[in-house]
2 protein chains.
Amino acid sequence: MLDGFRRAIGIEPDFDNCPIRGVLDRIGDKWSTLMVLTLALRPHRFGELKRAIPDISQRMLTQTLRDLQRDGYVARKVFPTTPPAVEYRLTDLGRSLMVPLAGLVDWAVKTRGEVEAARAAFDRENV
Amino acid sequence: MLDGFRRAIGIEPDFDNCPIRGVLDRIGDKWSTLMVLTLALRPHRFGELKRAIPDISQRMLTQTLRDLQRDGYVARKVFPTTPPAVEYRLTDLGRSLMVPLAGLVDWAVKTRGEVEAARAAFDRENV
DNA sequence: CTGTATCCGATGAGATACTG
DNA sequence: CAGTATCTCATCGGATACAG
């Protein structure tokens, strides 16, 4: 089972076209997870997202949305009004990601204390 | 529930000391996950890890191990022989991470096709 | 064998200014 | 309103050389 993980996760030589790597990269980057969780609440327009995640730069907002859209997690819908309105919403695929993501969040919250203690101990020993 | 996620995952103003962020950062970086999965098989010595993950540089091997050790996922044990031997093994905390991680891996494998199709479609539309 | 130290290029990400 | 285009700086990560 674990050996299967290793292969799946990118042990050479197929590191690049690994099915997991793409997901991990997206989950690991600074804004994707927060944006998915925000869009899980309800669809948002561009400006709404900016206000919902106040400290994201416009550049990163655009780029993260593009990446999420490219992977099929987010759908972009343009309303040709003046001024233009654009709505972003999670796709079914994006919503399905919430399940394993929730597992991770849950684990992180539960083990928070242990991790903090481990860090404190480590830093104490390594002046 | 989702609102709780947002707070937990680092919506301002407590982005830095967020319990999730640390986990996500570790999961997202290039080598941590692969190393955890490798150590989940059995304890490894430094050189064994290097051989098990052939394309990691010595610099990144050391650094990733330090980070994992600091967070309490990995335990380092030195045998004062000559030449020195050092063994790395998962802690209970590290092993417990396998559960949500497995969920993520599982999801990634299952949705692989959808993601690939989404990417192809996106790239087709955006010449 | 198990690491450190250094250099350096590639990428990530913020700030700012401009456009249909 | 919903983006692009630059510029710039920090961090990531590989290669190489050295050390206990």
Side-chain angles (χ1 to χ4, degrees), chain A residues 10 12-13 15-16 18 21-22 24-35 38-39 43-71 74-89 122 125-127, chain B residues 10 12-13 15-16 21-22 24-35 38-39 43-70 74-89 122 125-127:
Chain A
E12 286 305 286
F15 194 101
D16 275 341
C18 156
R21 179 56 49 185
L24 254 39
D25 284 351
R26 204 113 317 287
I27 287 202
D29 87 39
K30 192 168 180 180
W31 300 111
S32 291
T33 331
L34 188 50
M35 201 163 313
T38 303
L39 289 176
H44 281 67
R45 290 180 53 184
F46 190 86
E48 283 182 311
L49 275 172
K50 237 184 109 175
R51 282 187 296 279
I53 311 176
D55 54 336
I56 193 174
S57 67
Q58 206 155 2
R59 186 186 183 287
M60 280 300 102
L61 179 55
T62 303
Q63 182 175 310
T64 305
L65 283 171
R66 280 282 174 289
D67 291 342
L68 291 174
Q69 187 194 349
R70 176 164 189 268
D71 282 1
V74 164
R76 178 175 182 270
K77 187 169 182 185
V78 182
F79 300 90
T81 57
T82 49
V86 179
E87 186 201 71
Y88 293 92
R89 64 167 66 232
F122 183 91
E125 287 164 23
N126 301 265
V127 210
Chain B
E12 286 306 285
F15 195 100
D16 276 340
R21 178 57 49 184
L24 254 39
D25 285 350
R26 203 115 314 289
I27 287 202
D29 87 41
K30 192 168 180 182
W31 301 110
S32 292
T33 331
L34 187 51
M35 202 163 314
T38 304
L39 289 177
H44 281 67
R45 291 182 51 186
F46 189 86
E48 283 181 313
L49 275 172
K50 239 184 104 174
R51 282 189 295 279
I53 311 175
D55 54 337
I56 193 173
S57 65
Q58 207 158 356
R59 184 186 185 285
M60 280 300 103
L61 178 55
T62 304
Q63 181 175 311
T64 305
L65 283 171
R66 279 285 173 286
D67 291 343
L68 292 174
Q69 188 194 348
R70 177 165 189 267
V74 164
R76 178 174 182 269
K77 187 170 181 182
V78 182
F79 299 90
T81 55
T82 48
V86 179
E87 185 202 72
Y88 293 92
R89 64 166 67 228
F122 183 91
E125 288 164 21
N126 302 266
V127 211

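Letters go in sequence order (proteins before strands), and every chain restarts at 1.
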_Side chain Arg21(A), main chain Lys30(B), donor-acceptor under 3.5 Å_ = yes
*Looking only at side-chain N and O atoms, does Arg45(B) come under 4.0 Å of OP1 or OP2 in dT2(C)?*
yes
*Lys30(A) has an atom NZ; how far is it from atom C1' of dC12(D), in whole Å?*
15 Å
_Spacing between Asp55(A) atom CG and dA13(C) atom P, to the nearest angstrom_ = 13 Å
*Quickly work out the Arg59(B) CZ to dT11(D) P distance and round it to whole Å.*
13 Å
*Would you mind reading off the distance between Arg26(A) atom CZ and dG12(C) atom C1', rounded to a whole angstrom?*
12 Å
*Select base, sugar-phosphate, or nothing to describe what Phe79(B) touches, counting heavy atoms under 4.0 Å on all strands.*
nothing
_I need the CD-P distance between Glu87(A) and dG3(D), as an integer number of Å._
12 Å
*Are Leu61(B) and Ile53(B) close enough that some pair of their side-chain heavy atoms sits under 4.5 Å apart?*
no
_Go nucleotide by nucleotide along DNA chain C from the 5' end; which of Met60(A) and Glu48(B) gets its closest nucleotide reached first?_
Glu48(B)
*asked:* As a test of reading the structure: which of dG14(C), dG3(D), dG3(C) is closest to the side chain of Thr62(A), going by heavy atoms?
replied: dG3(D)
*How is Gln58(B) classified with respect to the nucleic acid when contacts are heavy atoms under 4.0 Å: base, sugar-phosphate, or nothing?*
base
*Which nucleotide in the set dG14(D), dC1(C), dA13(C) lies at the smallest distance from any side-chain heavy atom of Pro83(B)?*
dC1(C)
*State which of dT4(C), dG14(D), dG14(C) makes the closest approach to the side chain of Arg66(B).*
dT4(C)
*asked:* Without decimals, in angstroms, what is the distance between Met35(A) CE and dA13(C) C1'?
replied: 13 Å
*Is any side-chain N or O of Tyr88(A) closer than 4.0 Å to OP1 or OP2 of dG3(D)?*
yes
_Going by side chain to side chain donor-acceptor pair (under 3.5 Å), Tyr88(A) matches just one of His44(A), Glu48(A), Arg45(A), Arg76(A). Which one?_
Arg76(A)
*Thr64(B) side chain to Ser32(B) main-chain N or O, any donor-acceptor pair under 3.5 Å?*
no
*Are OP1 or OP2 of dG3(C) and a side-chain N or O of Arg76(B) less than 4.0 angstrom apart?*
yes
*asked:* To the closest 0.5 Å, what do you measure between CD (Glu87(B)) and CG (Leu49(B))?
replied: 10.5 Å
*asked:* Tell me the interatomic distance from Leu61(A), atom CG, to dG12(C), atom P, rounded to whole angstroms.
replied: 17 Å
*Length of the CZ-P vector between Phe46(B) and dT2(C), whole Å*: 7 Å
